[in-house]
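Here is the naming used below: chain letters follow the sequence lines, and residue numbers restart at 1 for every chain.
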Protein chains: 2
Amino acid sequence: MLSKRVKYAIKTLLFLYENGDGKPISAKIISENEKIPYKFLENILRELRQNKILKSVRGAEGGYKFLKDPNEITVAEIIRIVDGPIALIPCVSFYFYEKCEDCTDEISCKIRKLFVQLRNEMLPILNKSITDLEKL
Amino acid sequence: MLSKRVKYAIKTLLFLYENGDGKPISAKIISENEKIPYKFLENILRELRQNKILKSVRGAEGGYKFLKDPNEITVAEIIRIVDGPIALIPCVSFYFYEKCEDCTDEISCKIRKLFVQLRNEMLPILNKSITDLEKL
DNA sequence: TACTATTCCTACCAAATTAATATGATATAA
DNA sequence: TTATATCATATTAATTTGGTAGGAATAGTA
């Protein structure tokens, strides 16, 4: 399962996409509209900014807007930033690979083969962008 | 990500399938061959027995063997028993459905639509059986 | 200048989950 | 009777999750 952070992050990006008209949108507005706990949302927004998905404007009338083109922000990317791997087992992950301690031969491992297949099926769906998502 | 329990459970079932010739196989043998901590494995085996995947034979020369036909034991089923939902968000799960607190309209939710799609792509792969898996 | 609305930062915290371990009772083949 | 097993319950240490607290820094506006 994904964490709430990821779901909140995606909701936030969708909200910004649907309501962003040039002016930045404050965490308070997002929090109230999407029912995300304010302080928790701040953390998530910081993470998105640090990863160059969003940019922030400080001070009164400040808030957040896209830094990266929403057309190029994928759900997979958000999951990787917020939660980590897409793959269901670590030895199958591209970005967060880890060797299985108990595994003697990774190449012949039947379980690995299955989860490679699974990841390969999952990726095209998760590679949809925020703008794709809005059209669903 | 899946838990180690799930991976150990699948490994255990594959081992039983590949080495089961009528006689039960002990937890000790499985533990040593698959490098699964013995006591941890005992817990997993109990769970599989309680869910009618395996049956046990007590006493010396005892051990575990299939109760359910390995042809009909799917990876999805094992995940559900050991970890819970297949779906990546709770509002999309068949067997472990939970409403999102922050969601106003589940039907129109774009995020939900995406993860319904994802689950629908994942299921056929995870519905493979232990015998299918062995053939990979 | 003072006020207010905002982001930014570090740290903290409670509850749940994960990955085991410990201890010992019970059953059975040889 | 002994060795080999399963069976059952409880405990535990580490990590993750889902937040919260408090305040500093920044900037628009009266």
S.K.: Ignoring hydrogens and geometry beyond distance, is the side chain of B/Arg58 in donor-acceptor contact with the base of C/dT26 at under 3.5 Å?
M.R.: yes

S.K.: When you compare the side chain of B/Ile44 with that of B/Lys11, does any pair of heavy atoms fall below 4.5 Å?
M.R.: no

S.K.: Quick one: which of A/Lys35, A/Lys4, A/Lys7 gives a salt bridge (charged side-chain N to carboxylate O under 4.0 Å, His left out) with B/Asp102?
M.R.: A/Lys7

S.K.: Can you measure B/Lys23 atom NZ to C/dA30 atom P for me and round it to whole angstrom units?
M.R.: 10 Å

S.K.: Rounding to an integer number of Å, can you tell me how far B/Leu41 CG sits from C/dT18 P?
M.R.: 18 Å

S.K.: Between B/Ala27 and A/Phe40, name the one whose nearest nucleotide on DNA chain D is closer to the 5' end.
M.R.: B/Ala27

S.K.: Rounded to whole angstroms, how far apart are CD1 on B/Ile36 and P on C/dA20?
M.R.: 10 Å

S.K.: Please report, rounded to the nearest Å, how far the P atom of C/dA19 is from the CD1 atom of A/Ile89.
M.R.: 13 Å

S.K.: Kindly indicate whether the side chain of A/Glu34, heavy atoms from C-beta on, has any atom under 4.5 Å from the side chain of A/Thr12.
M.R.: no

S.K.: Would a single hydrophobic cluster contain both A/Leu123 and A/Val6, if residues Ile, Leu, Val, Met, Phe, Trp and Tyr are joined by side-chain heavy-atom contacts under 4.5 Å?
M.R.: yes

S.K.: Is the distance from OP1 or OP2 of C/dT7 to the nearest side-chain N or O of A/Tyr38 less than 4.0 Å?
M.R.: yes

S.K.: Could you pick out which residue, A/Arg46 or A/Tyr64, lies toward the 5' side of DNA chain C when each is mapped onto its nearest nucleotide?
M.R.: A/Tyr64

S.K.: Distance check needed: C/dT17 C1' versus B/Met1 CE, whole Å only.
M.R.: 15 Å

S.K.: From CG of B/Asp83 over to C1' of C/dT17, roughly how many Å is that when rounded to an integer?
M.R.: 11 Å

S.K.: Which nucleotide span of DNA chain D, 5' end to 3' end, has atoms closer than 4.0 Å to non-hydrogen atoms of chain A?
M.R.: D/dG18 to D/dG28

S.K.: Within the side chain of B/Asp83, is there an N or O that forms a donor-acceptor pair under 3.5 Å with the backbone of B/Ser3?
M.R.: yes

S.K.: Donor-acceptor pair, A/Arg119 side chain versus A/Val92 backbone, under 3.5 Å?
M.R.: yes

S.K.: Can you tell me the distance, in whole Å, between the CD atom of A/Glu61 and the P atom of C/dT7?
M.R.: 11 Å

S.K.: So what does B/Lys39 touch, heavy atoms closer than 4.0 Å: a base, only the sugar-phosphate, or nothing?
M.R.: base

S.K.: Looking only at atom types and distance, does a side-chain atom of B/Asn127 sit under 3.5 Å from a main-chain N or O of B/Pro124, one as donor and one as acceptor?
M.R.: no

S.K.: Choose from C/dA19, C/dT4, C/dC8 the nucleotide whose nearest atom is closest to any side-chain atom of A/Ser56.
M.R.: C/dC8

S.K.: From CD1 of A/Ile30 over to C1' of C/dT6, roughly how many Å is that when rounded to an integer?
M.R.: 12 Å

S.K.: Considering heavy-atom distances to DNA chain D, does A/Ala60 or A/Leu2 have its closest nucleotide positioned more toward the 5' end?
M.R.: A/Leu2

